[in-house]
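Read through the structure below, which is laid out as structure tokens, and then see the notes.
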Amino acid sequence: MHQPASEPGSVGCAAPIDDLCLLAALDGQADAGVLEHLESCPSCHARAQSFAALERTLRDRLFRSMCPPTTELLAFQQRILGPQRYVIVAEHMRDCPYCAHEIQLLEQASAAPRALIEPRVPRLVLQLYAPRTPFPTPVAFSTTRSLSQSAHYVYRAANVQLTVSVAQALGRPGFVMLSGMLLIGDDLFDAVSNATASLLRNGQVMASVPIDSSGCFTLDDIPAGEHVLSLRLPDTEIVVETLVL
Amino acid sequence: MQASLTAGSIHPMKITPRRTRVQTIVHPSIDLATIERMSLGTLERHCAVESERFYRGQPHDTRFAFELFRRALVERDERAWESVYNHYRGLVESWVRRSGAFASSGESSEYFVTSVFTRFWQAVTAERFGSFASLAALLHYLQLCANCVVIDSVRAQSWSEMLPEESASANHVPQSSPDEEAMERVARTEFWNYINALLQDESERVVLYSSFVLGLKPGDIFAQRGDLFGSIHDVYNVKRNILGRLSRNQELREMFAS
């Protein structure tokens, strides 16, 4: 194991550095003369390395060994820790700058409103670009459930294009299936992660589905009528304000 | 690469203060028994609609999502669990990203999201599910798990800053189970107690604890405990005595060698 020589006058060194200077050197507190000596003297260098190795071992085994686990830290911050442990952890907080910092992070996270509602985001209203065209064959991304004639719409604004196909639901008069494909510029993937497509009627969400990584979505069993189509992306809401199905 | 909408065509809505309470409702035509009998696909569709209503600040029914969690956590239905993950991962990611520690973590948000759900799964067993009376309680606990995961990352950072890479040991590898974590804590406490018994007085205890448990430098120790030490030199003196004594301890030498 590590055996730093604690006495000056080590073998091989005419003017050995004392242990306190060696420890200070390990802490980066030594002057240039000490550092120069350590570089050129194998004996003092070896003693310094022995101290360093022992310090490393102790640090590896002891660093933050008294810090409560994160679950307990959280319980402390939430004021739900048992009274005995609360006192012990509170006392630890007084000494430990790391736990104090972590508590601060938890306080900040807790201070954020617990509401899960995302803040309002900018709204982009799409305009009809291509009028309704009958589409006698099924569009590529519609399911085989609807083989009847479907209508095809294209909406645009800025660098956004939305293609919508609407078909009558097979065997369900008065109900339709809506398929959509969203394109945003040249790069879609990041924009549509965690995005949803919803139909609203009178302001109420009637149906909602996630938008896949290709920008596609399908809403089925939708009652015919006038709706608002809303695509909720992480930082934008894309809207077709009047969609008559 | 983040796609962006062309500027100039967006009509920004007036940013309104975020509401913190949204009315929950119960669909009168759908009772709990019906929900429990629903196919997973139907349940998912209802969850999607009600979640969307919630996000838009509209009255919503939480029973569908609660049933989804119940199937995932009580019945340990893997498909239901996958559905929970897909449904809430965006929300969890937003919590993680909002954490002050995330930016400096160097980890991807996806790494944290997976860790959060793993911790949640481990913590909320079938037996413990009964203590969650509502969807809000479940989501609150999920948010707490997100906080814990981020804090664990901050801790790992503090270790890597304090410990040179070549000496990092299994002591600081994040444990995968609460049992392993508890055992590691016991081992560290026992080691401290053993070392502590070799110390001679309060000043040695303060130097050892401050230097190696808290990672403080002698200058910091002197600044905090000027009542015990006359100078930084005194702190180094005590430290030298401790290290010399520990290095000569045969039992410790064998312990470190093993």
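Chain letters run A, B, ... following the sequence lines, proteins first and then strands; every chain starts at 1.
With a 6.0 Å radius and a threshold of 12 heavy atoms from other residues, nucleotides or ligands, B:Q250 has its CD atom above the threshold. Shown here is B:N193, whose CG atom has more than 12 heavy atoms of other residues, nucleotides or ligands within 6.0 Å.
Contact annotation for A:Q104: neither backbone nor side-chain heavy atoms come within less than 4.5 Å of a heavy atom of chain B. At a 4.5 Å heavy-atom cutoff, the contact between A:L20 and chain B is made by backbone and side-chain atoms alike. For a residue to count as touching a neighbouring chain, one of its non-hydrogen atoms must lie under 4.5 Å from one of that chain's; by this rule B:K239 touches chain A with backbone and side chain alike. Using a 4.5 Å cut-off between heavy atoms, A:L23 touches chain B through backbone and side chain atoms alike. Residue contact with chain B, scored on non-hydrogen atoms closer than 4.5 Å, involves the side chain of A:L200 exclusively. For A:C67, the parts sitting under 4.5 Å from any heavy atom of chain B are the backbone and the side chain alike.
Between chain B and the residues A:C99, A:G203, A:S65, the most heavy-atom pairs under 4.5 angstrom are made by A:S65. Chosen from A:M206, A:H101, A:R64, A:Q77, the residue pairing most often with chain B at heavy-atom distances under 4.5 Å is A:R64.
Atoms OG1 and CG, on A:T70 and B:N147 in that order, are 10.5 Å from each other to the nearest 0.5 Å. Rounding to the nearest 0.5 Å places SG of A:C21 at 7.5 Å from NE2 of B:H233. The line from CG of B:L252 to CG of A:L54 is 8.5 Å long, rounded to the nearest 0.5 Å. Once rounded to the nearest 0.5 Å, the distance linking CG of B:L214 with CE of A:M66 reads 9.5 Å. Annotation: the span from A:E102 atom CD to B:S158 atom OG amounts to 6.5 Å, rounded to 0.5 Å. If you take NE2 on B:H87 and OG1 on A:T196, they are separated by 9.5 Å, rounding to the nearest 0.5 Å.
Residues B:L243 and A:F51 have side chains in contact (heavy-atom distance under 4.5 Å, counting atoms from C-beta outward). B:R56 has its side chain out of reach of A:Q204: every pair of non-hydrogen atoms, C-beta onward, lies at least 4.5 Å apart. Taking the side chain as every heavy atom from C-beta outward, B:R119 and A:T71 approach each other to under 4.5 Å.
A:S198 and B:R53 are not linked by any side-chain donor-acceptor pair at a separation below 3.5 angstrom, with hydrogens and angles left out of the test. Under the 3.5 Å distance criterion, with hydrogens and angles disregarded, no donor-acceptor pair is assigned to the side chains of B:Y236 and A:D19.
Minimum heavy-atom separation, B:F191 to A:L62: CD2-CD2, 3.6 Å. Between B:A48 and A:S208 the shortest heavy-atom distance is CB-O, 3.3 Å. B:C148 and A:L74 get closest at one heavy-atom pair: SG-CD2, 3.4 Å.
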Problem - Step-by-step side-chain contact (heavy atoms from CB on, under 4.5 Å) determination, A:R61 to B:R188 - result: CA-CA 7 Å; A:R61 286 182 177 244; B:R188 289 200 298 265; over 6 Å; no
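Geometrically, B:R155 does not engage A:Y98 in a cation-pi contact defined by less than 6.0 Å to the ring centre and at most 45° from the axis. Cation-pi geometry between A:R59 and B:F212 is not met: the NZ or CZ atom fails to fall both under 6.0 Å from the ring centre and inside 45° of the normal.
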